[in-house]
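Down below is the structure, laid out as structure tokens.
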Protein chains: 2
Amino acid sequence: MVTTAGRAPQRGPRRASISDVAQEAGVSLGTVSNVLNRPDRVSPTTRAKVLAAIEHLSFVPNGSARQLRAGTITTVGAILLDIANPFFTEVARGIEDRLAQADHTLMLASSDEDPEREARYLRLFEEHGVLGMLVTPASTDLEPLLELSRRGVGVVLLDRTSPAEELSSVAVDDVAGAAMAVEHLLSLSHRRIAFINGPQSIAQCVDRRAGMVRALEAAGLDPDEAMVEITVSSLNAEGGEAGVTELLAAGTAPSALFCVNDLTALGAMRALRSHGLAIPEDMAVVGYDDVNFASMLMTPLTSVRQPTRQLGEVAADLLLKAAGPGMAAPQRIEFQPELVVRASSGGAR
Amino acid sequence: MVTTAGRAPQRGPRRASISDVAQEAGVSLGTVSNVLNRPDRVSPTTRAKVLAAIEHLSFVPNGSARQLRAGTITTVGAILLDIANPFFTEVARGIEDRLAQADHTLMLASSDEDPEREARYLRLFEEHGVLGMLVTPASTDLEPLLELSRRGVGVVLLDRTSPAEELSSVAVDDVAGAAMAVEHLLSLSHRRIAFINGPQSIAQCVDRRAGMVRALEAAGLDPDEAMVEITVSSLNAEGGEAGVTELLAAGTAPSALFCVNDLTALGAMRALRSHGLAIPEDMAVVGYDDVNFASMLMTPLTSVRQPTRQLGEVAADLLLKAAGPGMAAPQRIEFQPELVVRASSGGAR
DNA sequence: TTGAAAGCGCTAACAG
DNA sequence: CTGTTAGCGCTTTCAA
């Protein structure tokens, strides 16, 4: 009782398979597989024949089949908060570099700070059978990531300190960074400071807020009075513009503004200027990330610098190590940020 | 003669498979597949049992197996020249949006203008069995792409006009854009213009150069004299800095500078400034792409604006259409750019 | 509505 | 050194 199983839908002529190559070369299927994977086990003559057939048929091995059978995994996924943010692209560069060195490849995705998109990519990558993932979580709920890790998928938290023993992370001390930024503003005699922040579902927003509060309190100020917080929905230039508009509409604006990142600061400065306010005279501005154009802006932006590329490199290393033989234990790595003072805060000499 | 076939290397406990679920739920393997793919064909009771088992075992279907068997493809690859360039990330945004609407997913990669890296990703994506790829070629040799397309993989050229009938492309008229930029500089009485350009292996560099030559000739100038071309190896800020350094070292620098893109212009302006030159008084500068921070720079940058996001959207649409039922014929789409005059060229009112 | 079985393309034993 | 074969996890007939 031989039945014909269903066939996959085909675009164009069927792709050549290993057995087509075998037939063309007049050898067995296993031999073709050998020239592909262990060429030294095959006689030069046969190898040449097979190679010719491969060339002739433009044979490209089917990765799904190979992975299904052999579990050969050299792909790593990264899910970043916002791929349009130079900070994250620089991190991605670091990741890619390290991965390429180890002959692995990166598949990149942007969650756009949306937990649902994040979940979609998490699942896609898992189904695809990646070696592991580097993720900048878009949500505070790390449970899905923990489960992933329990299921044997390598997970490294990126730009976010792991709250759990079981998860590796590579991050920068955002609390300290924000505190430095705000201390700087306080040292310039600002006593009420606006803070354009993103949703509290994003760790960076929580931590930078905490840093600000800490600095305010250390200076003997009451955060409820000294901090004017504006929450915007996306951490980019549009968000910054919206934030300033809201801030100015509310009247009695503070004399200084701390922005959760440089992109937001960029938008904020644009809006400030279009409202006729001078930076830093009418409003001092400090950003976060020290992206590459920060120093070149109309008013060079005071910002908090992070070892961006290193962040990516170390995260990739960690993942590779955790997935490799020996299964290294989870590690939490934290870098320290650095304040770069420029004209936008009025604090430059 | 029953032999035990080799097993795949396993990280941790083996991932649950569909037959584990079947066993747990006390049904057959085919039924589990049905609740996954055609839930309506299964009685509510059975479905519930199976769903419970899936939940209990944290079952995640194996994408490789599914794809191998069914050819279910919803993944699209994009290989961009430089993911750190805001122009390309904006394009990526456009692509992702459209793809998400069609319930497909994007896998992103950056060739960093390196044909070898490009080839690696091309192959990786093909092995993975993507529906198609959107690529900004890092080389003038399109043969690999054509072959890919002949093998049935959808290919759309991004930001590069297709020279071949068989390949779709979505691009912006770079020749016209560069011509506009240079005409602008000529109208400001500059008669010798430096051009920081990238390698001629990149189409954008070739076309923008052609546009410059065209504008120069149209003005009755000899390009050999009027154009001072500096070739840098990467189209980013570092390249721009290096270009200016080289330009100034050569002596008798022109009075104007056209940069192949805004990132290059950013670096060029930084170098110009560090050499004590004023923009635009000592050197007028024009960039290309009109990235989001162009208007916010110390000296706002005159640049050529392109319908960036649309580029990505249309390219994704084309790919989806070409891969969908009906197999639409290849199309060449070209947008027109627009000059945005700001202070850096000295041409703003 | 459910179960049994074929087979997608490949790798890795193993026999010859 | 080469061929044969089992089976990775899944979808999809077809039969019951």
Side-chain angles (χ1 to χ4, degrees), chain A residues 1-11 14-50 53-54 57 59-74 126-129, chain B residues 1-11 14-50 54 57 59-73 126-129:
Chain A
M1 187 192 340
V2 176
T3 68
T4 310
R7 316 240 17 226
Q10 292 165 11
R11 288 171 294 121
R14 195 177 54 83
R15 194 168 142 175
S17 82
I18 218 176
S19 59
D20 296 326
V21 175
Q23 190 162 25
E24 168 97 7
V27 299
S28 86
L29 177 161
T31 302
V32 177
S33 174
N34 277 336
V35 350
L36 253 29
N37 301 299
R38 289 167 322 286
D40 40 297
R41 283 207 214 290
V42 181
S43 82
T45 345
T46 321
R47 199 189 315 150
K49 266 194 304 187
V50 172
I54 287 179
L57 299 173
F59 166 74
V60 175
N62 181 323
S64 304
R66 174 194 301 238
Q67 179 155 318
L68 177 57
R69 182 58 241 251
T72 315
I73 320 183
T74 55
E126 185 179 8
E127 289 186 358
H128 250 309
Chain B
M1 189 192 337
V2 175
T3 68
T4 311
R7 316 242 16 226
Q10 293 166 10
R11 288 171 293 121
R14 197 177 52 83
R15 193 168 141 174
S17 81
I18 217 177
S19 60
D20 296 326
V21 175
Q23 191 161 24
E24 168 99 7
V27 299
S28 87
L29 178 162
T31 302
V32 176
S33 175
N34 276 336
V35 350
L36 253 28
N37 302 299
R38 288 165 332 283
D40 38 298
R41 284 209 213 291
V42 180
S43 81
T45 345
T46 321
R47 200 189 314 152
K49 268 194 304 187
V50 171
I54 287 179
L57 299 173
F59 165 75
V60 175
N62 180 322
S64 304
R66 173 193 302 233
Q67 180 154 318
L68 177 57
R69 183 57 241 253
T72 315
I73 320 181
E126 184 178 8
E127 289 185 359
H128 248 308

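Every chain is numbered from 1, with letters handed out A, B, ... down the list of sequences.
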Provide, to the nearest angstrom, the distance between the [atom1] atom belonging to [X] and the [atom2] atom belonging to [N].
X	N	atom1	atom2	result
A:R38	C:dT11	CZ	P	9 Å
A:N37	D:dT2	CG	P	15 Å
A:L29	C:dG7	CG	P	15 Å
A:I18	C:dG7	CD1	C1'	16 Å
A:N34	C:dC14	CG	C1'	12 Å
A:N62	C:dC10	CG	P	6 Å
A:I54	C:dG9	CD1	P	16 Å
A:L68	D:dC8	CG	P	9 Å

Any base atoms under 4.0 Å from B:S33, or only sugar-phosphate, or nothing? Heavy atoms, all strands. base

Could you tell me whether B:Q23 atom CD has more than 12 heavy atoms of other residues or ligands within 6.0 Å of it?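 Count not over threshold, so no.
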
Can you identify which nucleotide, out of [options], has its nearest atom closest to the [X] side chain?
X	options	answer
A:L36	C:dT11, C:dC10, C:dA4	C:dT11
A:V42	D:dT12, C:dC10, D:dT2	D:dT2
B:T46	C:dT2, D:dT11, D:dC10	C:dT2
B:R69	C:dA5, D:dT4, D:dG9	D:dG9
B:T31	D:dT12, D:dC10, C:dT2	C:dT2

Less than 4.5 Å apart, side chain to side chain, heavy atoms only: is that true for B:F59 and B:D20? no

Are any of [X]'s side-chain N or O atoms less than 4.0 Å away from OP1 or OP2 of [N]?
X	N	result
A:R66	C:dT11	yes
A:S43	D:dT2	yes
A:R15	C:dC8	no

Step-by-step side chain to side chain contact (heavy atoms under 4.5 Å, CB included) determination, B:T46 to B:V35: CA-CA 9 Å; B:T46 321; B:V35 350; over 6 Å; no

Without swapping roles, check the side chain of B:R47 against the backbone of B:V42 for a donor-acceptor pair under 3.5 Å. yes

Consider side-chain contact (heavy atoms from CB on, under 4.5 Å). Of A:L36, A:V21, A:N34, which one does A:V50 pass it with?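 Only match with A:V50 under side-chain contact (heavy atoms from CB on, under 4.5 Å): A:V21.
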
For A:V27 and for B:F59, find the nucleotide of DNA chain D with the closest heavy atom, then tell me which residue's nucleotide is more 5'. A:V27

